[in-house]
Amino acid sequence: MAQQEDVFKKIVSHCKEYGFVFPSSDIYDGLGAVYDYGQNGVELKNNIKQYWWQSMVLLHENIVGIDAAIFMHPTTWKASGHVDAFNDPLIDNRDSKKRYRADVLIEEQLAKYEDKIQKEIEKAQKRFGDAFDEAQFRATNQRVLENQEKYDALHKRYQEVMNAEGGIDLEGMKQIILDEGIVCPISGTRNWTDVRQFNLMFKTEMGSTADGASTIYLRPETAQGIFVNYLNVQKTGRMKLPFGIAQIGKAFRNEIVARQFIFRMREFEQMEMQFFIQPGTELDWFAKWKETRMKWHQNLGFGAENYRFHDHDKLAHYANAATDIEFRMPFGFKEVEGIHSRTNFDLSQHAKYSGKKIEYFDPDRNESYTPYVIETSIGVDRMFLSIMCHSFEEQQLPDGQTRTVLHLPAALAPVKLAVFPLTKKDGMPEKAQEIINELRFHFNCKYEEKDQIGKRYRRMDAIGCPYCVTVDQQTLEDNTVTLRDRDTMEQKRVLISELRSIIEDKVSITSLLKKLL
Ligand code: ATP
């Protein structure tokens, strides 16, 4: 674990050193859980967004996009339930003065029991080899059984307090923390305050106070911008059920515990798609979208073993089924995307609060009804972090040196091709520029002439550039260059005229999209 934490620290500093992510207002020592994307970060982020947007809007005839404003009418958040119920249960440790989310403390305790079981299984697997029967081992091993029992008991209690009548049972939560002997990781003590609710929405004012300013909120999710536009899009787009509306945009949450770099931010970006369907078909569509979204993730080639579904114990006030897609980060499996069956809750609430009829006339059934909704909601920044974590490697080379390389999927890499003149003379820089001038219209290219070639390769490895081309003496004679592959470090001589066809397909988002069909 300590080793994994070390790796994570390295990734964070790599992000800063190579222009991916900076703390916000860095010269003023940063702002808690707010980050800026640098020259390479913004390219990677844009590519992630394109991959998502195109997979939704280009590959589905019945999905269209919108771009709603961040500010919304304040009644939106009354109707959605966020004013009354968008709370996190928080608890303070009196000795360290640190604040935690009580639900997260309990979930971490559950994960500890799971970890213990997993370790026993891994140990036994090594010992018994091919003859190992996991089901039998789980059913008979004393230590596994003890931990499973503790897990089940805690899980049951946790579900009870989270789903208590009238909202979360805050006293019950504190009692669990005390009974489980959960200590503050900083002070190591159990000196906890009571659990309190904390609303996560940021407030601001619109209009000057003199003419009666009204309180408005920075949206805590992009979804509501879609719901309030359901009628507009359905009518003007003449959309027939089932259909979806996709949106990418900023969301804001005043997170109590903002840790782990861009995993939990106060200002972040979401990519959400609300899919409107006939009531009664929601569980089929829920299963379908689970599969579609998992395929989208696994299509990046990071290995199926690094993903899992995690079904929710506590359903949000609007949902009748919910799951997370989790990715193996250096600090464990963590949620990257949520898939929720939101029933007709949001549209009905907006109909009630606005007094408008928000329904769909179904020509096949000759009746009107409020559509049900399946939502897929993914954080751009968490996706960015998972890609960084998986791609980062400090690689031991055969000659004893190490190189830091980002094995980014080529289609997401900020720079696709770097072009180097071997030296700064004999017309090599001009030739290199000529190549860039030709290819820059097709993908992102970068020119570099400073330092030795070896150093230039390393710099490109560190930003995940999949291809480097070197212009040398021979180029001037026969128009060939060396083309170096980032991952294998192999070099081959190719004609300049072939470069585009070799590279373009591999680095385009289209290449990823084609694999989805
Ligand atoms: P968590 O339980 O981690 O707080 P959540 O279940 O509240 O997340 P959702 O409301 O389902 O998250 O939001 C959908 C997605 O938005 C998440 O899967 C995540 O990728 C992203 N997201 C949510 N909160 C944050 C945040 N504070 N910083 C970055 N991304 C976030």
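Nothing here was measured: the structure is a model prediction, and the numbers come from that model. Start at 1 and go down the list; that is how both ligands and their atoms are numbered.
- Residue contact annotation: His312 has no non-hydrogen atom under 4.0 Å from ligand 1.
- The proximity of Arg253 to ligand 1, defined as any non-hydrogen pair under 4.0 Å, is limited to the side chain.
- Looking from atom 19 (C) of ligand 1 to the surrounding protein, the closest heavy atom is Arg382 NH1, 3.5 Å.
- Looking at Asp324 against ligand 1, nothing comes within 4.0 Å, counting heavy atoms.
- The nearest heavy-atom contact from the protein to atom 29 (C) of ligand 1 is Phe263 O, 3.3 Å.
- Within a 6.0 Å sphere centred on NZ of Lys446, other residues, nucleotides and ligands contribute 12 heavy atoms or fewer.
- The protein heavy-atom contact nearest to atom 21 (C) of ligand 1 is Gly379 CA, 3.7 Å.
- Per-residue contacts place Arg264 under 4.0 angstrom from the following atoms of ligand 1 (heavy atoms of the residue considered): 1 (P), 3 (O), 4 (O), 26 (C), 27 (N), 28 (N).
- Ligand 1 has an N or O atom lying under 3.5 Å from an N or O atom of Glu255, backbone or side chain.
- Distances between N or O atoms of Val336 and those of ligand 1 include at least one value under 3.5 Å.
- Nearest-heavy-atom check against atom 15 (C) of ligand 1 across Ser377, Gly338, Ala319 picks out Ser377.
- Ligand 1 has Glu337 within reach: a non-hydrogen atom of the residue lies less than 4.0 Å from it.
- In this model, no donor atom of one side chain and acceptor atom of the other lie less than 3.5 Å apart for Trp289 and Thr376.
- Taking any N or O of Phe268, backbone or side chain, none lies under 3.5 Å from an N or O belonging to ligand 1.
- Between the side chain of Asn40 and the backbone N or O of Tyr18, at least one donor-acceptor pair lies under 3.5 Å.
- If you look at Arg266 next to ligand 1, there are no close heavy atoms at all, none under 4.0 Å.
- Comparing heavy-atom distances from atom 17 (C) of ligand 1 across Gln270, Met271, Glu335, Met383 singles out Glu335 as nearest.
- The side-chain tip of Lys416 does not point at the ring of Phe443 from less than 6.0 angstrom away and within 45° of straight on.
- Heavy atoms of His340 approach ligand 1 to within less than 4.0 angstrom.
- A salt bridge between Asp179 and Arg157 is present, with a side-chain N of the basic residue lying under 4.0 Å from a carboxylate O of the acidic one.
- Lys515 NZ: more than 12 foreign heavy atoms inside a 6.0 Å radius.
- Contacts between Glu269 and ligand 1, counted as non-hydrogen atom pairs separated by less than 4.0 Å, are absent for every part of the residue.
- Shown here is Arg459, whose CZ atom has more than 12 heavy atoms of other residues, nucleotides or ligands within 6.0 Å.
- Distances below 4.0 Å separate heavy atoms of Arg101 from the following atoms of ligand 1: 4 (O).
- In terms of N/O distances under 3.5 Å, ligand 1 is approached by Met265.
- Taking the six-membered ring for Trp and the full ring otherwise, Phe333 and His310 have centroids separated by 6.0 Å or more.
- Ionic pairing of Glu160 and Lys156 is present here: one or more N-O contacts between side-chain nitrogen and carboxylate oxygen are shorter than 4.0 angstrom.
- Note on ring orientation: taking the six-membered ring where Trp is involved, the planes of His297 and Tyr307 are tilted (angle from 30° to 60°).
- No more than 12 heavy atoms of other residues, nucleotides or ligands shown are found within 6.0 angstrom of CZ on Phe71.
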